[in-house]
Structure formats: structure tokens, C-alpha cells
**Q** 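This is the structure I want to talk about, given as C-alpha cells.
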Amino acid sequence: MLRAGVSRVGVSHLFLSHLHGDHVLGLVGLLSTMAGEGRSAPLHIYAPTNAGHSIAELIDLSTKLMDITLTFPVQHHILPVGFSGELVRTRNAVVTARMLEHRITSFGFRVEELPHVNIDLEKARAFGIEPGPILGEIKRVGYVHRSDGQTIHLADITTPPHTPRSFVYCGDTRVCEASVELAMNADVMLHEATFSDEMLLKAAERFHCTASQAAHQARLAGVGRLYLTHFSVRYKTLAPLLREARKVFPKTTLARECRMETIE
Ligand SMILES: [Zn+2]
Ligand SMILES: [Zn+2]
């Protein structure tokens, strides 16, 4: 986030798929940085437990051990085993989760934008409507009858809404129906691709996916674009993984943190 210039201030909800180290080890550093910046807004953390332990224990122990004083409340939300459904709904988006299939309890997440109404105040004023109760009524009901008999519809005073976008994160997981269902018709799917096809058996054994398996999932779900991530360190070059995936799902890209170079 530091390198990408992404602000931490706007982050209000964190979603942790599972508690393996490669998905959790950055958390305490992030919280510590947020405290250093004097954050006061609450932070919601969603995560499953593992072996009876929760992420709250990690935070409690780490902050004590390292003398970190959090300047903001952390609200923990435990994802129960088997959970499937809505986690958060804001004005702009809804986040849902599905349990996937990994060595330990692991979840995939879907973020879906909600249709947004953009009132064009200039258009509204042209109809003699000022911000206030009448505008509120049009937003609520969809139209308003004026005393002169004219009906003003919401579409008359809004700019066309953009098509809501959807993003799905699946990992870590082996091939499963849940990730396809979670990702159905999403615009973007970010999927783990730990191995290449020569490690197909190992992938199943370790509850991970190969790049082409991820591509199959993307094809079944009919997503717009697939981004692959979570590559085994054994690969000096990721070109074979990309090739294998593109044979199955051409609209595939490798997602690598803060790296602009591509193997296209
Ligand atoms: Zn894992
Ligand atoms: Zn992992």
C-alpha cells in the first residue's frame, strides 16, 4: 500500500480469507502504521478462526509484546465454518463471502457495487427543484407530481448510472463449486494460481490450484477478466503459468504487486 500510494485512511473493512501466515503476517504492521498515523475510526476485520484461535488473539498478543498502542477500535467479525452470504452492505457496495476448500477454513469474497443514483443539480434546477424534501421524494419514489400537473421522473434529473462492477477474490482454495458460484458473471476475478500444470497432483494434495484450473473456474463462472496471483516461489518465470491459463481463458493477466512489467 505504501509503494502503490494507496491511502490507509479510507480503509474501514479488512477481509482475511484464512489464517495462513502469507495472508496474515502483514496485518500487525498495517495496524501499527495506522496507529502511527493517529487513526481514530473503527476498523472492522472479518476472518475465520483456525484450530480454535482467532485473529484477535494475534493482535492482542502482538500489541502487548511490541508495545503498540492502537489509537482506534478494532471490531472483529468471525466467519463461521460453512458461512455463505452477506457480510457488509454500505451505501455503495455489498460484500458477500463463501467458504472455499483449503487445508484450513478459507473464504472467498465478492464485492459488488450497488446501482448509484447521480442527481444532476443543474437539471433538477431547470425543473425548479432545489435540494430538499421534494428531491428526497423523487429519489425515494422515482417521480413527483408537481402542482402544475407535470410529472418529473428521476431519469429527468439524473446522469445515467454506470453499470455496477463486481470483483471476486478466491484463494487459497483447490478447485471447488463454491468459487464458481461466488464468481458467477463477475467483472473481475482474482484467483490463486500456486502451481503450473506439471504440479497438478501436488496442487490437489495441498489444496491449491494450478493456473489452468483457475482459468477453468473463470470460464465456468463467465467472468469478464481473470487475474492470477499467489504463485509458488519455485517459479523463476511465470510465463508458462500465463500460457497454460490463456489456453483455457484468454482474458487472463498476472497480478503482481506494484510491478508494471508484464509477460504478455
Ligand atoms: Zn493457505
Ligand atoms: Zn496462501
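In what follows, residues are counted from 1 in the order of the sequence shown.
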**Q** Answer with yes or no whether the hydrophobic clustering places Phe15 together with Leu27; edges join I, L, V, M, F, W, Y residues whose side-chain heavy atoms lie under 4.5 Å apart.
**A** no

**Q** Checking the side chain of Thr105 only, and the main-chain atoms of Val81 only, is there a donor and an acceptor separated by less than 3.5 Å?
**A**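 A pair under 3.5 Å: no.
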
**Q** Do you reckon Met99 sits in the same ILVMFWY cluster as Leu182, going by side-chain contacts under 4.5 Å, direct or chained?
**A**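 Per the 4.5 Å side-chain linkage, Met99 and Leu182 are not co-clustered.
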
**Q** Can you check whether Asp187's main-chain N or O pairs, donor with acceptor, with Ser166's side chain at less than 3.5 Å?
**A**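 Answer holds: yes.
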
**Q** To the closest 0.5 Å, what do you measure between CZ (Arg98) and CD (Glu177)?
**A** 8.5 Å

**Q** Keeping Glu57 on the side-chain end and Ser54 on the backbone end, is there a donor-acceptor pair under 3.5 Å?
**A**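 Confirmed, Glu57 side chain pairs with Ser54 backbone.
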
**Q** Classify the ring geometry between His102 and His18 as parallel (under 30°), tilted (30 to 60°) or perpendicular (over 60°).
**A**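 Ring orientation of His102 relative to His18: perpendicular.
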
**Q** Under a 3.5 Å cutoff, is there a donor and acceptor pairing between the side chains of Asp120 and Thr159?
**A**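 Thr159 and Asp120 do not have a side-chain donor-acceptor pair below 3.5 Å.
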
**Q** Taking all non-hydrogen atoms of both residues into account, name the closest pair between Leu70 and Val74 and its distance.
**A** CD1-CG2, 3.9 Å

**Q** Parallel, tilted or perpendicular: which fits the ring planes of Tyr143 and His153, with parallel below 30° and perpendicular above 60°?
**A** tilted

**Q** Distance under 6.0 Å and angle within 45° of the ring axis: does Arg103 meet both against Phe207?
**A**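 Output no; distance or angle outside limits.
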
**Q** When clusters are formed by joining ILVMFWY residues with side-chain heavy atoms under 4.5 Å apart, either directly or through shared neighbours, do Met199 and Phe231 land in the same one?
**A**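 As far as the 4.5 Å side-chain criterion goes, Phe231 and Met199 are connected within one cluster.
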
**Q** Could you check whether any side-chain N or O of Thr63 sits under 3.5 Å from a backbone N or O of Asp60, counting only pairs where one atom can act as donor and the other as acceptor?
**A** yes

**Q** Hey, can you tell me if His44 and His13 have their rings parallel, tilted or perpendicular (30° and 60° cut-offs)?
**A** parallel

**Q** Closest approach of Gly171 and Leu100, non-hydrogen atoms and distance?
**A**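 That closest heavy-atom pairing would be N-CD1, 3.8 Å.
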
**Q** Backbone N or O of Ala93 within a donor-acceptor pair of the Thr90 side chain at under 3.5 Å?
**A** yes

**Q** Of His208, Gln213, His230, which meets side chain to side chain donor-acceptor pair (under 3.5 Å) against Glu192?
**A**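 Looking at His208, Gln213, His230, the match for Glu192 under the side chain to side chain donor-acceptor pair (under 3.5 Å) is His208.
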
